[in-house]
Peer 1: 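Take this structure first; my questions come after.
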Amino acid sequence: MGSCHLLECLNRRILIDCGMFQGSRELAEENGVAFDFEPAAIDYVLLTHAHLDHCGRLPLLAKRGFRGEVIATPPTRELVRLVLVDAAHLQEEEARRHDYPGRRRDEGGGRAPLYTILDAFNCLDRFGRAAEYEQPVALAPGLRATFFDAGHILGSASIRIEVNEGDRVRSVLFSGDIGNTGRPLLRPPAPPARADLVVMESTYGDRLHRSFGASIEEFYAAVCSAVARGGNVVIPTFALERAQEILYVLHQGVERSRLPPAAQIFLDSPMAISATGIFERHSEYLDPEAARMFRQGDDPLHPANLHFAREAADSIALNRITGGAIIMAGSGMCTGGRIRHHLRHNLWRKESAVIFVGFAAAGTVARQIIDGAEHVRLFGEEIPVRSTVHTINGFSAHADQRELLAWRGGIGGCDTTFLVHSEEPAMRQLAEHLQGYRVEMPRLGEAFDL
Ligand code: ZN
């Protein structure tokens with residue numbers, strides 16, 4: 001589901017996010033279709049956060065004529081650069097795989113990348129002012145935007161847009177993705193005091209998460225038993241946020257002697273290594289306890305036994321280690337990337353463990369393993385699944401139903417709630433709990449007069 005909302009107000013056209021559809025291949029093709037508006041007519045893009053489903057079509061927007069200003073928090077600006085360049089690189093690779101000499105694109109054989117690395121760099125020139133939390137940014141006389149910490153990933157924000165109408169102020173609040181409270185690295189979401197209208201995400205509107213503490217215990221136990229058996233631990237992980245959260249948990253595990261002292265941790269992902277650097281540079285945006293550790297020179301994302309594998313050769317060298325390695329690599333759903341090599345070398349060994357710490361979409365290799373497949377296909381080979389497989393659910397970056405309702409309840413003065421960014425059952429269940437408010441569930445492309 002890609003997030004993209006257009007707000008027209010006082011003759012200005014403001015886009016809140018410009019996300020990419022993610023999921024099946026059909027959706028991937030939808031990303032190339034024309035926007036429902038004229039990109040050149042957009043004055044501002046306000047970004048809630050750096051996930052691809054919120055910023056992934058920005059290069060396309062700029063390529064198709066957008067010349068306005070992109071406004072985001074300082075960490076979001078840095079993370080977006082990383083995320084878009086990586087996405088463009090993957091699209092170029094994908095296009096090359098489908099392309100070969102003598103076959104023309106219009107014959108349906110080759111596929112042009114949605115955008116290139118050059119397009120990604122070009123759109124970065126559209127970034128203008130940086131938004132600090134809770135400090136209004138002027139968009140026009142009588143029109144301003146304020147970013148509030150959404151607690152979802154580093155730099156994430158909910159954005160309130162306020163307009164003066166005579167002597168009163170009207171406001172609309174876009175939630176962005178709302179974080180889960182009580183996680184170690186990020187501050188909890190900070191709902192603004194008031195807004196007339198709320199447009200809010202409802203990803204987990206129909207479920208409750210397991211507690212974070214129980215998940216960490218389960219995680220340590222899985223690592224310890226694999227290392228004791230003489231195996232490795234393979235953790236498929238998303239490069240942004242989840243990888244840093246796992247590093248934090250591993251750091252604590254080492255400090256508190258909850259992990260085997262001989263275990264060595266490998267972060268085998270150039271993108272996750274770069275993202276970790278961005279977290280370290282913007283530690284003032286983190287949870288106060290994590291920020292304090294940084295100030296005291298104790299980097300909570302860097303356990304003593306951590307090694308970075310940036311170069312391909314460093315990654316390949318890990319294949320020779322048969323026991324005691326904790327390897328984190330992408331992609332999180334095992335659809336590509338270095339993780340597939342580590343699965344190939346460990347999945348068939350009963351002494352190793354694979355620990356899933358994030359969402360896995362239907363049809364992915366990760367999903368097959370989680371669902372108990374006896375073997376999976378990797379590099380044209382059938383690899384038997386003999387390692388232990390753990391799925392630890394408490395690491396979600398999204399608020400659950402209880403937290404969504406608490407966030408919504410913290411906003412005063414609001415009579416209408418628009419639910420977006422989820423499957424219909426989740427929206428309906430959340431709507432049932434929002435009794436007493438007017439609730440709308442807009443369809444893709446639907447317009448409302450506010
Ligand atoms: Zn997100």
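In each ligand, atom 1 is the first atom listed, and ligand 1 is the first ligand listed. All of these numbers come straight from a predicted model, not from anything done at the bench.
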Peer 1: Can you tell which of Ile178, Leu173, Asp177 makes a side-chain contact (heavy atoms from CB on, under 4.5 Å) with Ser175?
Peer 2: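 Among Ile178, Leu173, Asp177, the one that satisfies the side-chain contact (heavy atoms from CB on, under 4.5 Å) with Ser175 is Ile178.
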Peer 1: Keeping to distances under 2.8 Å, can you name the protein N/O/S atoms close to the Zn ion (ligand 1)?
Peer 2: His49 NE2, His51 ND1, His152 NE2, Asp177 OD2
Peer 1: In chain order, what residues pass the side chain to side chain donor-acceptor pair (under 3.5 Å) check against Arg443, with sequence neighbours excluded?
Peer 2: none
Peer 1: When you compare the side chain of Asn122 with that of Pro59, does any pair of heavy atoms fall below 4.5 Å?
Peer 2: no
Peer 1: Do the charged groups of Arg12 and Asp43 touch, with an N to O distance under 4.0 Å?
Peer 2: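 Here Arg12 does not pair with Asp43 in a salt bridge, since their nearest N and O are not under 4.0 Å apart.
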Peer 1: Flag the pair Asp400 and Arg207 as a salt bridge only when some basic side-chain nitrogen lies within less than 4.0 angstrom of an acidic carboxylate oxygen.
Peer 2: no
Peer 1: Is it true that Asp17 and His54 share a donor-acceptor pair across their side chains at a distance under 3.5 Å?
Peer 2: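 Side-chain D/A pair, His54 to Asp17: present.
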